[in-house]
2 protein chains.
Amino acid sequence: MDEAAQSGRRGRASVRAARIQDVAKLAEVSTATVSRALATPERVSAEARARVMEAIAKTGYVPNPAARTLRSQKTYMVLVVLPDLANTFFSKILRGIEETLFEAGYGMIIGDLDGSPEKEAHFAAYTAAGRVDGAILLHGHLFGQSRGGEGAPDRIGIPLVALCEAIPGADIPQIEIDNRAAASRMTRHLASLGHRSIAYVSGPAGNILELERFLGYRDGLEAAGLSFDPALVIPGDYTIESGVAAGQNLVARASRPTAVFCTSDEMAIGLMRTLFSAGLKVPDDISVAGFDDIEFAAVAEPALTTIHQPRRELGQAAATALVALLQGRPTPKRIRLDTELVIRDSVAALCPMS
Amino acid sequence: MDEAAQSGRRGRASVRAARIQDVAKLAEVSTATVSRALATPERVSAEARARVMEAIAKTGYVPNPAARTLRSQKTYMVLVVLPDLANTFFSKILRGIEETLFEAGYGMIIGDLDGSPEKEAHFAAYTAAGRVDGAILLHGHLFGQSRGGEGAPDRIGIPLVALCEAIPGADIPQIEIDNRAAASRMTRHLASLGHRSIAYVSGPAGNILELERFLGYRDGLEAAGLSFDPALVIPGDYTIESGVAAGQNLVARASRPTAVFCTSDEMAIGLMRTLFSAGLKVPDDISVAGFDDIEFAAVAEPALTTIHQPRRELGQAAATALVALLQGRPTPKRIRLDTELVIRDSVAALCPMS
DNA sequence: ATGAAAGCGCTAACAG
DNA sequence: CTGTTAGCGCTTTCAT
């Protein structure tokens with residue numbers, strides 16, 4: 001009862017972390033009871049539970065996650081894959097995900113693709129190796145499906161959820177906004193202010209968001225009785241730099257549109273910068289609209305008219321869906337959150353003079 | 001030799017992941033040899049190694065990290081704790097950390113404090129539970145040392161590195177810039193342009209960066225022969241919102257400084273916004289300087305004069321130091337990277353007229 | 001250079 | 001409600 005105390009020396013040097021055995025011994029119960037007291041308290045007598053808890057407090061016991069994972073085949077970790085961590089658009093989404101995951105007892109590992117496909121393989125290996133129980137995908141496709149080609153393994157064995165960038169054809173829950181409707185709304189807003197020549201700064205070619213938003217732009221044009229002019233579509237990729245480039249494109253033109261709809265706030269801010277440098281005034285000479293409503297949109301000069309996305313809620317919804325899957329509960333295949341048109345100062349009614 | 005093939009049914013339904021045993025059997029070696037072929041190839045005959053590699057390819061074997069961790073007591077995971085993931089200042093730092101860690105074979109778990117001390121305990125538990133081998137701390141103090149009080153456990157048993165926000169008194173490698181010198185440089189730059197009334201928008205009280213930058217501001221003032229005026233210090237906390245508030249503070253004043261040194265770009269951008277709204281022109285009516293050189297600094301209107309921090313390199317240096325520690329190699333206790341004064345358009349020489 | 005065997009710390013059956 | 005008993009899959013002595 002006291003002989004089996006410590007295995008040899010107990011100098012204060014290496015005070016090995018307490019194991020479940022130490023707790024069991026101190027509480028005078030079996031290790032199974034300790035385990036149960038932690039996992040399913042209701043299945044343990046109040047008395048035993050109290051003794052276990054006391055022993056845990058006394059020993060400072062913290063369960064070893066590796067052992068737990070090895071035995072239970074559950075990691076309580078979720079992988080979140082995103083195209084670009086530096087994009088401020090994602091940070092609040094991440095917050096929403098993390099807080100929901102945390103409440104459900106899951107940890108979050110972030111996989112930042114940073115624009116390189118090789119990294120995707122790296123994170124795919126995480127799932128293959130069983131490092132995580134599930135994943136939230138923000139980058140618009142399934143692992144190993146970069147080319148959308150044949151051998152696309154529809155699933156890699158763990159629950160998956162797509163967030164923001166829908167993955168066409170994938171049989172997993174998709175959480176997103178109605179990009180098409182939002183883009184249409186903004187286009188109509190611009191048209192309602194008298195603009196008849198509305199340029200469109202696109203996202204990366206092939207991107208699903210771009211596809212949807214472009215369709216919305218066309219919808220809006222049509223709804224306003226405006227005809228589509230391909231010359232008014234300026235390529236972009238959602239970055240500040242591409243917005244700057246789009247601005248140069250615009251400035252160089254002989255005849256300019258009276259309004260520009262940028263499909264990301266970062267592009268809108270970069271574009272306005274170029275316009276200013278060229279001596280053009282926003283919104284007096286040209287109106288500029290964005291998309292996303294990132295933090296800087298409200299403090300840009302002029303403050304940016306844009307589409308607000310409920311970023312935190314988007315993250316929460318995705319995490320909630322994944323947790324449901326993880327716990328074997330059903331979850332809707334598609335969740336669409338509402339956006340909002342935020343009117344600020346970068347868009348003005350077209351002056352008939354102009 | 002072929003009887004022990006599969007343990008029972010081998011329907012295509014549940015193709016359990018290959019284990020090291022499967023590889024060993026296929027390669028006709030022991031599991032120990034497979035393990036060694038992976039960890040220490042040089043200790044295995046070329047022949048055996050080839051057979052093992054082939055078997056691995058054939059089975060699609062991926063080592064189980066939980067089992068590996070349980071046995072070797074190494075997680076090959078590093079925790080990165082930061083005060084605010086939404087702050088764009090950190091994203092590039094994270095990139096630098098991740099790429100370096102990845103090359104060294106380590107994964108990264110991000111601990112976003114999001115401004116709540118409770119979360120810190122949460123992430124401290126990660127380290128206590130042995131989920132990670134080491135940690136990089138960007139939040140300016142050690143775990144459980146929030147109050148800087150007595151029982152500060154100087155170490156929690158795993159290697160730690162402090163990044164950006166130095167931790168006074170902690171005996172761990174610290175990677176940072178020379179905040180004091182940089183702030184002094186900016187202050188002197190402003191003074192050299194004729195400004196004699198230079199306001200200072202601070203960081204959060206007690207923050208080590210704030211302490212250093214404030215000292216630098218004082219240094220710069222002194223070097224320029226200017227006296228310090230407490231009324232010119234406006235409180236802030238590095239956020240956009242606090243910059244907006246600082247701007248309101250400024251606008252409300254009867255007599256205004258001719259230049260404002262904001263100790264973060266986000267504050268500078270928020271402040272300029274307020275100034276504009278109040279009809280003040282930057283830099284004509286008032287010069288504004290920032291600190292950090294985030295992406296938006298270059299495209300702000302006007303483009304922001306600021307202090308450039310080598311963010312990616314900072315991250316790389318911290319990760320490199322931690323990996324050295326993890327591998328038992330020595331590393332310098334303090335690394336200071338150079339900053340740069342970036343002159344753009346938000347600061348102008350003081351017009352004698354004014 | 002290789003194999004046998006002993007666990008790392010935990011949870012899940014299975015009895016009782 | 002509780003204890004006993006097996007391992008989860010891997011790395012690592014210790015022999016050979």
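Every chain is numbered from 1, with letters handed out A, B, ... down the list of sequences.
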Item to complete: Figure out the CD1/P separation between A:I20 and C:dG9, and round it to whole Å.
Response: 12 Å
Item to complete: Give the nucleotide from the list D:dT11, C:dC10, C:dG3 with an atom nearest to the side chain of B:A32.
Response: C:dG3
Worksheet item: DNA chain C: B:A67 or A:R71, which has the more 5' nearest nucleotide?
Response: B:A67
Discussion item. What is the separation between atom CG on B:L38 and atom P on C:dT2, rounded to the nearest whole Å?
Written reply: 15 Å
Fill in: Lys/Arg-Asp/Glu bridge criterion (N-O < 4.0 Å) met for B:R95, B:E99
no
Discussion item. Regarding B:K119 and B:D112, does a basic nitrogen lie under 4.0 Å from an acidic carboxylate oxygen?
Written reply: no
Worksheet, complete the sentence: Whole-Å distance, A:R131 CZ to D:dC10 P, equals 13 Å
Worksheet item: Which of parallel (below 30°), tilted (30 to 60°) and perpendicular (above 60°) describes A:H122 and A:Y126?
Response: perpendicular
Practice prompt. Rounded to the nearest angstrom, tell me the gap between atom CD in A:Q21 and atom C1' in D:dT4.
Written response: 12 Å
Worksheet item: Where the side chain of A:S45 is defined as all heavy atoms beyond and including C-beta, which of D:dT13, D:dC10, D:dT2 is the nearest nucleotide?
Response: D:dT2
Worksheet item: Which of the following nucleotides, C:dG3, C:dT11, C:dG9, is nearest to the side chain of B:R36?
Response: C:dG3
Worksheet entry | Considering all heavy atoms, the nearest A:S91-B:L85 contact | CB-O, 3.9 Å
Practice prompt. Specify the separation, in whole Å, of atom OH of B:Y76 and atom P of D:dC10.
Written response: 15 Å
Practice prompt. Could you check how far CZ of A:R68 sits from C1' of C:dC8, rounded to whole Å?
Written response: 16 Å
Discussion item. Less than 4.0 angstrom between a side-chain N/O of B:S72 and OP1 or OP2 of D:dT11, yes or no?
Written reply: no
Worksheet item: Starting at CD of A:E28 and ending at P of D:dT2, how long is that distance when rounded to a whole Å?
Response: 13 Å
Item to complete: Tell me what B:E47 touches on the nucleic acid: a base, only sugar-phosphate, or nothing, going by heavy atoms under 4.0 Å.
Response: nothing
Item to complete: May I ask you to say what A:A39 touches in the nucleic acid, namely base, sugar-phosphate or nothing, with a heavy-atom cut-off under 4.0 Å?
Response: nothing
Worksheet item: So does B:R43 get a side-chain nitrogen or oxygen closer than 4.0 Å to the phosphate oxygens (OP1/OP2) of C:dA1?
Response: no
Worksheet item: Are the charged groups of A:R19 and A:D22 less than 4.0 angstrom apart, N to O?
Response: yes
Practice prompt. Could you state the atom-to-atom distance from CG of A:L70 to P of D:dC10 in whole Å?
Written response: 9 Å
Discussion item. Which is more 5' along DNA chain D, the nucleotide nearest B:P63 or the one nearest A:S30? Just name the residue.
Written reply: A:S30
Discussion item. Regarding B:A66, tell me which of base, sugar-phosphate or nothing describes its non-hydrogen contacts under 4.0 Å with the strands shown.
Written reply: nothing
Worksheet entry | Closest listed nucleotide, where the reference is the side chain of A:N64 and the choices are C:dT11, C:dC10, C:dT2 | C:dC10
Worksheet item: For D:dG9, does either OP1 or OP2 sit under 4.0 Å from a side-chain N or O belonging to A:Q73?
Response: yes
